[in-house]
Amino acid sequence: MGSTERIRNVAKRVAKWVRAGHQLVVVPSAMSGETNRLLGLAKELAPDAHSAEHRRELDQIAATGEQVSSGLLAIALQAEGVQAISYAGWQVTIKTDDSYTKARIQSIDDARVRKDLAAGKVVIITGFQGVDDEGNITTLGRGGSDTSAVAVAAAMKADECLIYTDVDGVYTTDPRVVPEAKRLATISFEEMLEMASLGSKVLQIRSVEFAGKYRVPLRVLSSFTPWDIPLAEEAVSGTLISFEEDEKMEQAVVSGIAFSRDEAKITVTGVPDKPGIAYQILGPVADANIDVDVIVQNVSHEGRTDFSFTVTRGDYNKTLELLKNTVGPSVGGLDVSGDPKIVKVSIVGIGMRSHVGVASKMFRVLSEEGINIQMITTSEIKTSVVIDEKYMELAVRALHKAFDLDAPAAA
Ligand code: ASP
Ligand code: MG
């Protein structure tokens with residue numbers, strides 16, 4: 001939605017689906033760069049625009065981006081001869097809680113939308129926003145239009161939710177790191193959830209959680225294909241995030257390699273090994289709204305142990321200070337150190353459930369590259385390691401190749 005020309009193309013694409021007999025609800029995000037521009041204006045007036053004091057107004061401002069693109073799309077559709085009507089979140093109503101800048105959708109009233117659809121209209125609903133119980137406008141966090149779209153699809157019990165974006169699907173890993181990465185025609189919902197939470201930025205993670213909860217079939221596809229490609233081709237393009245695991249039987253054990261640079265490690269040594277200590281240390285961290293990810297605790301020697309955990313890089317200094325200044329003195333004898341230059345690399349695949357030795361193969365590949373593993377966590381369908389950031393690309397490339405994910409060389 002970068003320009004009026006692009007909006008016209010979106011309208012032509014929508015019209016193509018309508019003419020094929022589909023009922024459509026369209027959830028636009030803002031025109032590209034617009035949300036940044038709007039938030040930038042606020043920052044010019046208050047450098048701390050993101051502080052709690054200003055958040056309500058930030059949402060008031062940021063939500064306008066989607067209102068503009070929705071109205072423009074409605075006009076473009078009308079100009080194409082398609083009946084269309086646009087609504088802001090509060091008009092639908094899309095009810096959210098009151099956590100400005102990261103609100104969660106609580107309910108969607110589908111009555112108005114159904115009435116318009118029945119009258120033959122395309123309904124356009126602003127992405128990214130809603131309204132709280134008091135009538136305040138809220139936004140869902142950056143990338144939140146994905147979540148709006150899935151939530152609307154769930155409320156409407158849509159056959160499928162199509163997310164048109166700037167990539168043409170979900171890849172085995174980031175093609176900027178591994179040029180041989182290939183697009184997946186399908187990925188299971190659980191794998192997608194892992195990929196999204198492990199740093200693959202194709203969709204806002206909440207949208208994937210929502211799709212899982214309400215079993216909304218979700219397809220990620222490119223908004224850059226010409227609008228007039230045949231509908232049958234478009235309908236099967238991109239990546240389908242599906243709930244049908246058996247389709248995957250023939251596929252690889254590992255479906256993708258995810259990574260996240262947004263990690264930092266904190267190590268606490270000399271921790272008394274007795275009940276309640278993990279809570280005494282991590283409780284205040286949680287109370288400060290800091291998300292803790294990988295946690296590793298060692299066996300103790302002489303009643304003392306150490307443990308390490310990871311946080312996002314943005315929370316690194318805050319966590320370090322909290323532990324050094326507040327928690328350390330109260331627990332006594334703690335030594336706190338950290339490393340903000342680490343990354344997390346993960347292999348993901350539902351095939352790991354039924355295959356042994358997948359994690360050990362990962363460790364072997366890393367050791368052959370001389371990469372030291374600092375921390376490990378596993379779940380049923382993923383294994384993650386924490387390593388020095390300077391080895392990230394090497395690790396991702398080596399794993400991608402070792403797990404047979406490289407696309408076959410062109411003949
Ligand atoms: N416009 C919002 C953003 O830039 C929401 C979205 O694009 O999904 O984050
Ligand atoms: Mg987006």
Side-chain angles (χ1 to χ4, degrees), residues 1-4 6-7 9-10 13-14 25-43 49-50 54-74 86-92 94 96-97 99-105 108 124-132 136-155 161-170 192 195-197 199-211 216 218-224 238-239 241 262 312 314:
M1 304 278 281
S3 62
T4 47
R6 302 257 317 139
I7 291 177
N9 281 329
V10 173
R13 197 187 291 279
V14 171
V25 180
V26 185
V27 179
S29 66
M31 291 174 75
S32 40
E34 183 62 7
T35 309
N36 286 341
R37 188 186 73 86
L38 293 167
L39 296 174
L41 292 175
K43 269 216 174 107
H50 269 283
H54 301 299
R55 274 184 210 143
R56 179 187 181 281
E57 306 313 321
L58 274 191
D59 280 0
Q60 182 84 347
I61 297 161
T64 63
E66 272 70 11
Q67 191 170 331
V68 170
S69 58
S70 294
L72 289 174
L73 181 58
S86 73
Y87 293 114
W90 63 269
Q91 294 173 305
V92 171
I94 298 182
T96 71
D97 64 18
S99 346
Y100 300 118
T101 74
K102 47 173 191 286
R104 284 183 178 266
I105 294 177
I108 296 180
I124 301 164
I125 301 176
T126 50
F128 182 52
Q129 60 173 273
V131 63
D132 74 6
N136 300 298
I137 288 175
T138 55
T139 71
L140 310 181
R142 300 308 305 270
S145 295
D146 298 342
T147 302
S148 305
V150 176
V152 167
C161 177
L162 307 172
I163 308 246
Y164 290 85
T165 181
D166 54 359
V167 293
D168 66 353
V170 179
M192 188 61 210
M195 294 288 274
S197 68
S200 153
K201 295 260 154 50
V202 181
L203 292 174
Q204 198 197 36
I205 174 93
R206 266 191 208 170
S207 72
V208 184
E209 289 166 0
F210 229 101
V216 179
L218 198 59
R219 184 178 292 277
V220 178
L221 63 173
S222 171
S223 57
F224 291 104
T239 300
I241 297 151
D262 186 21
T312 61

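Bear in mind the structure is a predicted one, so any value in this text is a computation, not a measurement. Whatever order the structure lists them in is the order used to number ligands and atoms, beginning at 1.
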Legend entry - Contact atoms of ligand 1, heavy-atom distance to R142 under 4.0 Å: 3 (C), 4 (O), 9 (O)
Legend entry - Derivation and outcome, side chain to side chain donor-acceptor pair (under 3.5 Å), residues D262 and T312: CA-CA 5 Å; D262 186 21; T312 61; 4.7 Å; no
Inset, instruction - Not counting sequence neighbours, list each pair that qualifies as a salt bridge (charged side-chain N to carboxylate O under 4.0 Å, His left out) and has a residue in residues 62-73. - result: none
Inset, instruction - List the steps and the verdict of side chain to side chain contact (heavy atoms under 4.5 Å, CB included) for L203 and I241. - result: CA-CA 11 Å; L203 292 174; I241 297 151; 3.8 Å; yes
Inset, instruction - Kindly write out the residues that satisfy side chain to side chain contact (heavy atoms under 4.5 Å, CB included) with I137, not counting sequence neighbours, or none if the list is empty. - result: Q60, A63, W90
Legend entry - Heteroatom proximity flag, F128 to ligand 1, N/O under 3.5 Å: no
Inset, instruction - Indicate, as side chain, backbone, both or neither, the part of S29 found under 4.0 angstrom from ligand 1 when only non-hydrogen atoms are considered. - result: side chain
Inset, instruction - Report the part of Q204 in contact with ligand 1, treating N, CA, C, O as backbone and CB onward as side chain, heavy atoms under 4.0 Å; options are side chain, backbone, both, neither. - result: neither
Inset, instruction - Would you please determine whether G65 falls within less than 4.0 Å of ligand 1 on a heavy-atom basis? - result: no
Inset, instruction - Tell me which one of Q129, E66, M31 gets a heavy atom nearest to atom 1 (N) of ligand 1. - result: E66
Legend entry - D146 side chain near F210 side chain, heavy-atom distance below 4.5 Å: no
Inset, instruction - Output the list of atoms in ligand 1 that are nearer than 4.0 Å to some heavy atom of G143, sorted by atom number. - result: 3 (C), 5 (C), 6 (C), 8 (O), 9 (O)
Legend entry - Heavy-atom side-chain contact between V10 and Y164 under 4.5 Å: no
